[in-house]
Amino acid sequence: MKDKFILNKEENEIFVKRPIKKERIIVVAAVYVAVMFFIASFITMGIALVLSLLYNADFTEVFYSFQSIEEFIDNGNITILKINSISQGLGNMIGYLLVFIIAIIALKNVFVDDFKQLINDKKSFYKWFIPVSAILFIGLTLLIDFLIGLIAPSSSNQQTIEIIMLYGGKIPMIIAVVLFAPVVEEIVYRKILFTALKSHKKYVAYIVSIFCFALPHMISTPMDNVGIFILQCIPYAFSGFLLALIYDYSGENIYASIAAHMLNNLLACILIFV
């Protein structure tokens, strides 16, 4: 059963996961949208302004770099690149941290119940399922990334992450991408969205959660060439599918998909420097 598990095998006590209150779901979803699509940008610009003053740089150029970073890479303007990268790294880290804190507070019962499920129900199952699913997830996503990379360039999102990591924003970006982002995104796209839709139609839960997971990662990618854009979407859509699959077959345990997501992002960060 997806919503029940044995808490005490000797007493055969059945523990039922507590339902998530709708108002808490709304709060987390609203905070996620507001912070990641709006507030984080203002935070990034604020940090960029402060760094421009500290580095005695022209803020107009710094602001323009967020629209056309390639030009500053070609010109070798290290100061602008550094301000841009640190600002985006810190902006992402702070943005995800804010949503992370709200999610932990608002959905505390989710983390508690799923942890109890993890250590009590089918403990031996999770011992192999989580590492195996994480390894398969990483292997398959790397394969898809490689195959797509043969015929299309990386998405703007991926290119931006690489630039941030290489020009000064490495530490805050790693913290954001490896620690906070997996927790936040698994809560929003799997625990909230997938679980809600699955009660109606499972295939709808997969399709919608995959689409909603991939879309934010593609917002900064231009659609000049629709074919290339679709190809660049595939790695994110495929990742969304695998994470939903892991979450679904783990008994809707958020820690399973978080573990796979974290390990995948960690390896992706490491490969940038290899």
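For this chain, numbers begin at 1 and follow the sequence in order.
- Salt bridge present: R18 and D113 bring a charged side-chain N and a carboxylate O closer than 4.0 Å.
- Ring geometry for F180 against F100 counts as tilted: the plane angle lies between 30° and 60°, on a 0 to 90° scale.
- Looking only at distances, no side-chain donor or acceptor of Y32 sits under 3.5 Å from a matching main-chain atom of I187.
- Side-chain contact check for N109 versus I20: every heavy-atom pair is 4.5 Å or farther apart.
- A heavy-atom distance below 4.5 Å is found between the side chains of N157 and Y236.
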TODO: Please lay out, stage by stage, how L51 and I47 fare under the test side-chain contact (heavy atoms from CB on, under 4.5 Å).
DONE: CA-CA 6 Å; L51 290 176; I47 295 171; 3.9 Å; yes
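- Side chain of R24 to backbone of A106: a donor-acceptor contact under 3.5 angstrom is found.
- Using a 4.0 Å cut-off between charged nitrogen and carboxylate oxygen, D248 and R190 do not count as a salt-bridge pair.
- Annotation: the span from N84 atom CG to Y167 atom OH amounts to 11.0 Å, rounded to 0.5 Å.
- By the 4.5 Å heavy-atom criterion applied to side chains, I69 and T160 are not counted as neighbours.
- Between the CG atom of N225 and the CG atom of L231 there is a distance of 8.5 Å, given to the nearest 0.5 Å.
- Side chain of T221 to main chain of S155: no donor-acceptor pair is present (N/O by atom type, distance under 3.5 Å, no hydrogens or angles).
- For T141, the side chain to side chain donor-acceptor pair (under 3.5 Å) partners are N264, not counting sequence neighbours.
- Remark: the backbone N or O of G251 is paired with a side-chain donor or acceptor of Q117 at under 3.5 angstrom.
- By the 6.0 Å contact criterion, CG on L166 is enclosed, its count of non-hydrogen atoms from other residues, nucleotides or ligands being greater than 12.
- When every heavy atom of L243 is checked against every heavy atom of A260, the shortest pair comes out as CD2-CB, 4.2 Å.
- Ion pairing between a basic and an acidic side chain is recognised when a charged N comes within 4.0 Å of a carboxylate O; E252 and K198 show such pairing.
- A donor-acceptor pair under 3.5 Å is formed between the side chain of Q232 and the backbone N or O of P153.
- No more than 12 heavy-atom neighbours from other residues, nucleotides or ligands sit within 6.0 angstrom of OH on Y55.
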Practice item. Kindly determine whether S52 and I83 satisfy side-chain contact (heavy atoms from CB on, under 4.5 Å), including the steps that lead there. Key: CA-CA 7 Å; S52 297; I83 293 172; 4.2 Å; yes
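- What you find for I254 and E186 is that their closest heavy atoms are CD1-O, 3.2 Å.
- A distance-only check finds no donor-acceptor pair linking the side chain of N92 to the backbone of M173 [under 3.5 Å].
- One distance of note links OH of Y189 with CZ of F211; it measures 10.5 Å at 0.5 Å rounding.
- Both tests hold for K170 against F273: distance to the six-membered ring centre under 6.0 Å, angle to the ring axis within 45°.
- For the pair L271/L142, a side-chain contact is recorded, criterion being any heavy-atom separation below 4.5 Å from C-beta on.
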Inset, instruction - For D224 and F229, run side-chain contact (heavy atoms from CB on, under 4.5 Å): C-alpha distance rounded to whole Å, both residues' side-chain angles, the deciding distance at 0.1 Å, then the answer. - result: CA-CA 8 Å; D224 301 335; F229 181 83; over 6 Å; no
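- Checked by atom type and distance alone, the side chain of S68 never pairs as donor or acceptor with a backbone atom of S65 at under 3.5 Å.
- The closest side-chain heavy-atom distance from V62 to L49 is not below 4.5 Å.
- Looking at S156 and P222, their side chains come closer than 4.5 Å, going by heavy atoms from C-beta outward.
- A distance-only check finds no donor-acceptor pair linking the side chain of S85 to the backbone of K82 [under 3.5 Å].
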- [ ] Start with the C-alpha distance between F194 and Y247, add both sets of side-chain angles, then the distance that settles side-chain contact (heavy atoms from CB on, under 4.5 Å), and finish with yes or no.
- [x] CA-CA 9 Å; F194 184 89; Y247 174 72; 3.7 Å; yes
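- From I26, atom CD1 reaches atom NZ of K21 across 13.5 Å, with rounding to the nearest 0.5 Å.
- Side chain of N75 to main chain of N77: no donor-acceptor pair is present (N/O by atom type, distance under 3.5 Å, no hydrogens or angles).
- With N120 contributing its side chain and K116 its backbone, the two residues share a donor-acceptor pair below 3.5 Å.
- Contact of the I144 side chain with the L140 side chain is not registered, since no non-hydrogen atoms from C-beta on lie closer than 4.5 Å.
- The ring of F125 has its center closer than 6.0 angstrom to the ring center of F129.
- In this structure, the side chains of P216 and M36 stay at 4.5 Å or more apart for every pair of heavy atoms.
- When hydrophobic clusters are built by joining Ile, Leu, Val, Met, Phe, Trp and Tyr residues whose side-chain heavy atoms come closer than 4.5 Å, directly or via intermediates, I219 is grouped together with Y96.
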